[in-house]
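Note sheet for the following structure.
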Amino acid sequence: MEDMKEKYPFSEIEPKWQAYWDEHGLFKTDVASAENKYYCLMMFPYPSGTLHVGHGRNYIIGDAVARYKKMRGLRVLTPMGWDAFGLPAENAAIKTGTHPRESTLNNVAVMKQQLSAWGCCYDWDREVTSCLPDYYKWTQWLFLKLYERGLAYKKEAAVNWDPVDQTVLANEQVLADGTAERSGAKVERKMLSQWFFKITDYAQRLLDDLDKLDGWPERVKSMQENWIGRSEGARINFRLAPRDNGGADTSDVVPCFTTRVDTIYGCTYMVLAPEYPGIAELVKGLPEEQDVLAFVEKAGRLSAIERTTEGDKNGIFTGRYVINPYNEEKIPLWIGDYVLMEYGTGAVMAVPAHDTRDWVFAKKYDLPIRLSIQNADQSLQLEDMDDAYTEDGIVVDSPPFSGLPNREAIPKMAAHAEENEFGGPVIQFRLRDWLISRQRYWGAPIPIIYCDVCGMVPVPEADLPVLLPDDVEFKPSGESPLKRAESFVNVPCPTCGKPARRESDTMDTFVDSSWYFFRYLSARDDTKAVDTTLCDNWLPVDQYIGGIEHAILHLMYARFFTKALYDLELIHFEEPFAHLFTQGMITKRSENDGQLYKMSKSKGNVVSPEELIREYGADTVRLYTLFIGPPEKEAEWNDAGVEGAFRFLRRLWRRVYEHRDLLRDAKALTPDMATMEKPERDLYRKLNESIQRITRDLEGDFHFNTAIAQIMELMNAVDALKVNPDSSEQVRAVFHETVETIVVLISPFAPHIAEELWQELGRAPSILNAEWPRVNEAALYREEVEIVLQVNGKLRGRILVGAGADQASIEQEALADPQVQKWIEGKTVRKVIVVPGRLVNIAVS
RNA sequence: GCCGGAGUGGCGGAAUGGCAGACGCACCAGACUCAAAAUCUGGCGAGGGCAACCUCGUGUGGGUUCGACUCCCACCUCCGGCACCA
C-alpha cells in the first residue's frame, strides 16, 4: 500500500473513489427480489445545465439516506433520471438555433458529471429521460388509457394564457398574484378548446387518502387540502320567471350552489357570472339587452387578476326575475363580475344581510337587504349594521324553519329541497380539471388525430410513439410550432384512411413527471409502460425527497396518476410515496441589496459547487450542506461555515495520519471494560452514546445536523484522551475502535474520505458494505452519576452519587450539601423531589 | 379572513417537562513561529462582584407544575398555502 499522505489529499482520493463506486456498481440493484427493499427517490431534475449548491442539498440528502440505509442492510434502489422536456430548452433554441434535443442531452451529460463529482451514486442502468421516444411513447400510451376511460377529454373553456411563453397553463401553474409560475408573466384569460385530465373525478379520494400519508409533512397535506377545497352545501334550483310578453326560454331553471342554505329566506336577488351560458338568449328583445351584452363583453376582456380584485364589484340588472322555491318570491336576476363561472353553477343566490360580498354589491346597487338569521340576544337591527352578519345564530322569518339554530337548519333545509325536487345537498370542490395542452414544441405530442369523417380518433397503440419531427421552426406564435410542420400534421385517418390532421399541441411536462417513478423499475422494457409486479413489489416509494415548491403541482398530479393507474389495474396501490421529505431552500444574501434570496442568477447569489470542490473537496461541501441546519428548514449559505467543515475533515485525516502506526498495531486489540481505566472507559461510553444518538437522529427525520455535531463531539473526546505509543493496551484499543467507528459513522456524509481512511485502517473496500455500528449497551452504564441540586427550581449545586443509590440516600446527601444548606437555612423544607439519575429539587418557603 | 409553520447569544443552530445556549462560525487571549499561515490550549448571553458567587434571560401577558424553550389560554411578529370559491 502507498504511504499515507500527510495532507488531506481530497483532490486525489475523490475521483478515485467515484470511479471505484461506478466500476463496482455499488448502487446497482437487482429488483427481482423485493426482500428488505428500500426505494429511495429524489425528484428528478430538469436538466438546466448547471447545478448550484442549493440544488445540491436535495441530492446530498438523498445520497446520505441511501448510503445509511444500505449500511443498515437494506436493499436500496436509488435511480435517477431527467425531466427533460420543457420550455427553457425551446426558448434557447429560438435564440441560438441549437435543437432542444441537442442542448438538453448535453446538459444531461454535464449534470451527470456534477452529481458524480458530489459523490452521489445512482443505479444509472435505470436512467430515464422523458424527452426520448422510449419514454414518451409510454407517456402517450398512458394518455390513451386515460382517454379510453374518459379521464382525458377536450373542452372549450376560459383558460390561463401565458403571453410570454405563448401557451396555456394549468391552474396549478398560476400563482396567487395572477402571474405564471414559470415565466412570471401576467396571465390572461382566453376561451380555447383544450385537453384536460379529469382530476376532479378523484377529488374526494385525493382528499381522503391524505389521512393515510403519515409519512408526509403536515404542511404539504394542508396545502393539498386547501387546494382541493371541499365544501359541503346545497344545490337549489330557482325557477326563471316567464317573460312579461310570454316569449319562450330554452331553460326555465337557474341552479345555484350555496353553503348557507339557512339564509335563503334572506335572498333578495340572484347573480350570474358574465360567462353564464345563454345570457344573450335570456335578455333577447329586452330594453336591457344592449347594456347587458356590453357589460358581458367588457368583463370578458379583463384578466383574471383584474376581475378578481377584491372589493370592487360591478354588475347589471338583466331585466329578468327568478323565483325562490322556498317562499315563491320573485327576485331580480343580475349579472356580476365577481361571480366565477368555474365554481359551482356560475350562479349565486345573494343574501346581502349574511354575506359580505353580497352586502357590498347590494349597497352599491341599492338592492333590498333582509335579515334571516338573528344573533344570540336577538338584537340585530338592519339599520345598525354596517356589514353583513356572517356568524351563527337563529333562523328568523323563514317559515317553517324559524327558530332553529342555523347549523341545524342547514341539513333540514337541504333535505326540504330534495323532497320537493328543487335541489338537495351537494359537495363542491375548488379543484379544477388539469389542463394539459401546451402550444409548444418541446413536449410529448398528444396522440390524437382529427378526421372530418370519423371525428376525434386516438392514435392506435401500434403506431406509438408519435415522434416529434426534427425539422420545425420554433417561432412561438400562440400556436404549436408543430402545426406548421406539414409532414407531421397531415396523416391518414387510422380508421377510414382519408386525409386527416394530427393534434399539434404537446403535453404539459408535469404529465411526464407523474409516472417516472414507476418506469425506473423497468426503464428498458419496450413492451409495456409499467411492470405491474415490480411496481407492486417496490412501491410505494419508501422515501421521496424533493423541494417544497412541488407540494401541490407535481405531488398532486403524481397521486392522481397513481390512482388512475390503480383503476386501470396497472398497479395495485393507491398512493405512490409513503414518506415525503421536503428539504428547505438554501438562501444567500444578495450582493446587490443584502436581502436573503433563494439562489438564482438574477439575484447574483449563486454558489457553484465546482470552485468549492476544487478548493475543499466534495466531502467538505457535503458535510457543510448537511450541517447547515435542520434539512427541512431554509438555511442561509455562509462561506465561512464551509471552512469549518473542511477543518473538521482535515483534523480527522491528520489524527489517523499521526497515529497510523499505532492504529495499525492496535487492530488486534479488543476493548475490554473489565480492564479499562477511567479515561478510556469514559471515551468508550461516549462512543456508544454517540452511536445511539446518531442512529436515532438518522432514523427520525434525518437530523443530519445533530448527527454531525455528535461526531464532532466524539472527535473532541478522542483528542482529550491524548493517546501515544506508550499508552496502555486498553487506551490504544479504545482509541482504535473509536476512530474506526467515526470513519463508519461519517461515511454517509463524507464518503470519499471515509473510504480512504477505512482502507488505511486495513479494511477492505467498500465501506458501504460495512455494517452500521451497534451500541454496546453495557458500555452505557455509569458507576457514578451527577445529580443536579435545585432549591425552589434554581440550580444551587451538584453531587456525584453511585448509580444504584436509592432515593432516600440521594435526598439525604442533597440536603447535607453545603451549598444547599446555605439556601435552605432558616427556611421550612416543604417538599423534596428526587428524579433518580437527574436531579433533586427542594421546595422551601 | 381561513389553514399550516416558526420566533432561543454577534450568526447558523442544540435541548424524552429536569443543568438553556450542545456542535459549528465569528471574535478575544495564550502556546508554537524570526514572522505569518496552519495547528494546539483557554475564554466567549446580559448586568453586578476582587472573588466565591448573585440577579436577569428562550417574541409578549397570564396559567398549570416542586420545576416550563418545552404543556394550556390570550396576544404580537414573521414565513408559507388558500381566498370575491357563494
Side-chain angles (χ1 to χ4, degrees), chain A residues 7 175-176 217-231 233-234 256-261 263 267 270-271 273 307-313 336-340 342-351 354-358 360-361 390 428-432 548-549 551-552 623-624 627-630 632-645 647-648 650-651 654 693 696 703 705-716 719 786-798 819 822 830-835 837-844:
Chain A
K7 285 204 171 134
L175 303 179
E218 208 46 56
R219 68 174 167 152
V220 174
K221 289 195 275 187
S222 138
M223 281 162 80
Q224 294 211 354
E225 202 179 317
N226 284 337
W227 188 260
I228 295 168
R230 182 183 194 270
S231 41
C256 72
F257 172 75
T258 180
T259 53
R260 291 295 305 274
V261 66
T263 65
C267 173
M270 183 174 238
V271 196
R307 267 281 290 280
T308 56
T309 305
E310 210 167 332
D312 189 33
K313 300 178 188 4
D337 63 359
Y338 71 102
V339 179
L340 306 173
E342 299 84 13
Y343 188 76
T345 63
V348 171
M349 59 172 240
V351 184
H354 304 296
D355 182 285
T356 32
R357 294 153 305 183
D358 298 340
V360 171
F361 194 79
T390 57
Q428 180 69 42
F429 292 95
R430 206 197 69 99
L431 182 71
R432 310 282 151 78
I548 186 73
E549 65 273 19
I552 294 171
L623 194 69
Y624 174 65
F627 186 61
I628 193 167
E632 70 280 6
K633 287 218 244 161
E634 272 190 18
E636 183 188 339
W637 187 270
N638 173 5
D639 292 325
V642 180
E643 188 83 32
R647 277 206 286 261
F648 180 72
R650 194 167 52 185
R651 181 166 151 222
R654 194 180 309 111
R693 169 107 199 254
R696 199 179 60 215
H703 296 142
N705 55 329
T706 49
I708 292 168
Q710 191 65 38
I711 296 177
M712 290 171 167
E713 259 191 75
L714 181 58
M715 190 70 196
N716 291 343
D719 282 1
E786 192 181 74
I787 301 284
V788 165
L789 306 180
Q790 295 182 337
V791 177
N792 281 348
K794 284 196 163 54
L795 176 71
R796 296 303 183 197
R798 43 192 89 220
Q819 277 297 321
K822 208 171 93 187
R830 287 190 304 133
K831 198 168 181 182
V832 181
I833 313 287
V834 180
V835 184
R838 280 203 179 270
L839 59 66
V840 177
N841 189 12
I842 300 155
V844 298

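Just so it is clear, the values below take in all heavy atoms, side chains as well, and ignore hydrogens, waters and symmetry mates. A note on names: the letters A, B, ... follow the listed sequences, proteins ahead of strands, and every chain is numbered from 1.
Straight-line distance from the CD atom of A:Glu713 to the P atom of B:A22: 9 Å, rounded to whole Å. In this structure, A:Ile548 atom CD1 and B:G80 atom P are separated by 12 Å, rounded to whole Å. For A:Arg430 and B:C3, the CZ to P distance is 16 Å, given to the nearest whole Å.
Among the atoms of the strands shown, only primed sugar atoms or phosphate atoms (P, OP1, OP2) are found under 4.0 Å from some heavy atom of A:Asn716. Within the 4.0 angstrom heavy-atom criterion, only backbone atoms of the sugar-phosphate kind lie near A:Lys794; the bases stay farther away. Within the 4.0 angstrom heavy-atom criterion, no nucleotide atom of any strand lies near A:Gly344. No engagement by A:Arg230 is indicated, since no non-hydrogen atom pair under 4.0 Å with the nucleic acid exists. Across all strands, A:Thr356 comes closer than 4.0 Å to no nucleic acid atom at all (heavy-atom distances).
The ring pair (Phe, Tyr, Trp, His ring centres under 6.0 Å) search around A:Phe361 returns A:Tyr269, A:Trp334, A:Tyr338, A:Tyr365, not counting sequence neighbours.
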- For RNA chain B, what dot-bracket results from Watson-Crick or G-U pairs at under 3.5 Å, with [ ] for crossers and | for inter-strand partners? (((((((..(((.....[....))).(((((.......))))).((((....))))..(((((..]....))))))))))))....
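Between A:Thr259 and A:Trp227, the one whose closest nucleotide on RNA chain B sits nearer the 5' end is A:Trp227. Nearest-nucleotide positions on RNA chain B place A:Arg219 closer to the 5' end than the other of A:Arg219 and A:Ala709.
At B:U39, none of the side-chain N or O atoms of A:Arg654 fall inside 4.0 Å of OP1 or OP2 (strictly under the cut-off).
For A:Arg432, the CZ atom counts as densely surrounded, since its 6.0 Å shell holds more than 12 non-hydrogen atoms of other residues, nucleotides or ligands.
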- Starting at the 5' end of nucleotides 7-20 of chain B, put B wherever the base has a protein heavy atom under 4.0 Å, S where only the sugar-phosphate does, and a dash everywhere else. -----BSS-B-BB-
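Checking side-chain atoms of A:Asp355 against main-chain N and O of A:Ala350 turns up no donor-acceptor pair under 3.5 Å.
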